[in-house]
Amino acid sequence: MLKTLSKIAFTLTLTAVAFGSAQAGGEVNIYSFRQEILIKPLLDAFEKNSGIKTNVVFAKKGLIQRLVQEGANSPADILLTSGAAKLMNATRKGLTQAVNSDILNANIPANLRDPDGKWFGLTQRARLIYASKDRIAEGEIKDYEDLANPKWKGKICTRSGSHAYNNALFASMILANDEAKALTWLKGLKANLARKPSGNDRAQVKAVWQGECDIAIGNSYYMGKMLTNKDQIAWAQSVNLIFPNQDNRGTHMNISGMSLTKSSPNKANAIKLMEFLSGDMAQEIYAKVNFEYPVKSGVKPSKMVASWGKFKADKQSFAAIEANSSMASKMVDKVGYNE
């Protein structure tokens, strides 16, 4: 216990040092799960346009726990996340506060923000089906529901069913088809797995390239990451991208996003940054850097992302998806998906 408390105290000291005079005017403090390379161009542009200094703490994990530990004394103004789950987790823990901004409400569609204004989507990524060019004929798979067809037994690879990306997809299936049908579908998907779920999304595409499976599920931006990595180009070139459910509800989307922290000491500056991140310039930069889709209507994706084709996106509310996330987790356990 003493060691744990010492570590917490040391962490809080480092935070104070990192932010320096964080509560002085003209600054905004950010806790970011998103990598520095992704957001630095945005923050540089914001500083240039606003004159407001940005201070950032980057981490792959632990930032929500840090906010809990710091409580009302936290210097953080904004939480940036790489997925919706962390945003909603922070909100459930009471670590965020509502923002009532006409700019944010105009720039970000209602289904991609919290009804109470406690979190906002910044970019979108599609949850795609990656299919072997050599072994899966065009048109053989059209919908997520097709993945439960027994013809694909031993042909599908996915990451853990408990991962936030798959949890959100499974929760969207509950919304689209009801709980009983979603459970039957998940049982069918589980029966068709070629191996025990493991690795990240790119590892599933690599498995298709290696012939371990013919079909994978993964986020769209990983295609861009693979195509720009000399060691992974072959993986990307071995598959076709399938945007599921184009004849009905559309392809499931996930988001990166932001929240204003409950303890924000620089609230006005923080809201200015949030509004900037939802605007045309930032949306274009953000989407291009990580091969994602903008949330603001009228802002175009990068040429590479656009080359993958136009598609119909599922407009399900992320608040509604979150409401079904617990049920999705129980379904994963019930069918033994990760076993």
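Taking 4.5 Å as the limit, every side-chain heavy atom of K187 sits out of range of all side-chain heavy atoms of Y337. Contact of the R127 side chain with the I217 side chain is registered, since non-hydrogen atoms from C-beta on lie closer than 4.5 Å. Using a 4.5 Å heavy-atom cutoff, the side chains of N111 and Q316 are not in contact. At a threshold of 4.5 Å between non-hydrogen side-chain atoms, the residues Y144 and N245 count as touching. M173 is not listed as a side-chain neighbour of K181, based on a closest heavy-atom distance of 4.5 Å or more. Contact annotation: the side chain of M274 approaches that of L104 to within less than 4.5 Å [non-hydrogen atoms, C-beta and beyond]. Within the 4.5 Å cutoff, the side chain of F170 has heavy atoms near those of the L186 side chain. A 4.5 Å side-chain heavy-atom check between F120 and V99 finds at least one atom pair inside the cut-off.
A centroid separation of less than 6.0 Å is found between the aromatic rings of F243 and F311.
Around the NZ atom of K151, the shell of radius 6.0 Å holds more than 12 heavy atoms that belong to other residues, nucleotides or ligands. K133 NZ: more than 12 foreign heavy atoms inside a 6.0 Å radius. In the displayed structure, K312 atom NZ is contacted under 6.0 Å by more than 12 heavy atoms of other residues, nucleotides or ligands. Atom CG of D231 has more than 12 neighbouring heavy atoms from other residues, nucleotides or ligands inside a 6.0 Å radius. Shown here is M281, whose CE atom has no more than 12 heavy atoms of other residues, nucleotides or ligands within 6.0 Å. Counting heavy-atom neighbours within 6.0 Å of K190 NZ, excluding the residue itself, gives a total above 12. In this structure, Q246 places its CD atom where more than 12 heavy-atom neighbours from other residues, nucleotides or ligands lie under 6.0 Å away.
Of all heavy-atom pairs between E36 and F58, the closest is CA-CE2, 3.2 Å. V289 approaches P41 most closely through the heavy-atom pair CG2-CG, 4.5 Å. Pairing each heavy atom of C213 with each of A194, the nearest pair is CB-CB, 3.9 Å. Contact between S220 and L128 at its shortest, heavy atoms only, is CB-CD1, 3.6 Å. Nearest heavy-atom pair across N167 and S329 is ND2-OG, 3.0 Å. Contact detail for A148 and N192: the closest heavy-atom pair is C-ND2, 3.5 Å.
Annotation: the span from L42 atom CG to E47 atom CD amounts to 11.5 Å, rounded to 0.5 Å. Separation of atoms NZ (K272) and NZ (K267) is listed at 14.0 Å; rounding is to 0.5 Å. Separating the OG atom in S259 from the CG atom in D77 is a distance of 12.5 Å, to the nearest 0.5 Å. In this structure, CD1 on I141 lies 9.0 Å from CG on N149, to the nearest 0.5 angstrom. Atom-to-atom distance recorded for C157:SG and L193:CG is 8.0 Å, nearest 0.5 angstrom. Once rounded to the nearest 0.5 Å, the distance linking CG of L122 with OG of S82 reads 11.5 Å.
Cluster membership for I129 and L241, using ILVMFWY side-chain heavy atoms within less than 4.5 angstrom, is not shared. When the side chains of ILVMFWY residues are joined at heavy-atom separations under 4.5 Å, either directly or via intervening members, I156 and L183 end up in a single hydrophobic cluster.
Although no hydrogens or angles enter the test, the distance criterion places no donor-acceptor pair under 3.5 Å between the side chain of K60 and the main chain of F33. Proximity of a side-chain donor or acceptor of N219 to a complementary backbone N or O of R125 within less than 3.5 Å is not detected. In this structure a side-chain-to-backbone donor-acceptor pair under 3.5 Å is missing from S325 to I321. Judged by distance alone, with hydrogens and angles left aside, the side-chain atoms of T228 form a donor-acceptor pair with the main-chain N or O of G224 at under 3.5 Å. Looking only at distances, no side-chain donor or acceptor of N49 sits under 3.5 Å from a matching main-chain atom of F46. Using modelled atom types, no side-chain atom of N324 and backbone atom of M327 make a donor-acceptor pair closer than 3.5 Å. Side-chain atoms of Q124 come within 3.5 Å of backbone N or O of P294 as a donor-acceptor pair. Panel note: side chain N166, backbone S160; a donor-acceptor pair is recorded below 3.5 Å. A distance-only check finds a donor-acceptor pair linking the side chain of S278 to the backbone of E275 [under 3.5 Å]. Side chain of T91 to main chain of L87: a donor-acceptor pair is present (N/O by atom type, distance under 3.5 Å, no hydrogens or angles).
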- Item | Working for side-chain hydrogen bond (donor to acceptor under 3.5 Å, both in side chains), residues E70 and Y31 | CA-CA 13 Å; E70 292 170 341; Y31 281 2; 2.7 Å; yes

- Task: Would you check, one step at a time, whether the test salt bridge (Lys or Arg N to Asp or Glu O under 4.0 Å) holds for E292 with R34?
- Result: CA-CA 13 Å; E292 294 181 282; R34 302 229 73 176; 2.9 Å; yes

- Task: Would you please test Q204 and R159 for side-chain hydrogen bond (donor to acceptor under 3.5 Å, both in side chains) and show each step?
- Result: CA-CA 7 Å; Q204 315 314 314; R159 72 193 308 162; over 6 Å; no

- Query: Are L273 and I52 close enough, and set up right, to give a side-chain contact (heavy atoms from CB on, under 4.5 Å), and what steps lead you there?
  - Reply: CA-CA 9 Å; L273 175 55; I52 298 172; over 6 Å; no

- Message: Set out, in order, the CA-CA distance, both residues' side-chain angles and the distance that settles salt bridge (Lys or Arg N to Asp or Glu O under 4.0 Å) for D146 and K142, then state yes or no.
- Response: CA-CA 7 Å; D146 295 337; K142 297 181 67 178; over 6 Å; no

- Query: Can you list the steps and then say if M226 with V205 is a side-chain contact (heavy atoms from CB on, under 4.5 Å)?
  - Reply: CA-CA 10 Å; M226 290 185 291; V205 181; 3.8 Å; yes

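In this pair, F318 and H252 present their aromatic rings tilted. The plane angle is within the 30 to 60° band. Aromatic ring orientation, W235 versus W209: tilted (interplanar angle from 30° to 60°).
Judged as a side chain to side chain donor-acceptor pair (under 3.5 Å), the pairs with a partner in residues 280-289 (not counting sequence neighbours) are, in order, D280-K296, E284-K288.
Among the candidates L79, I30, L80, the single residue satisfying the side chain to side chain contact (heavy atoms under 4.5 Å, CB included) test with M258 is L80.
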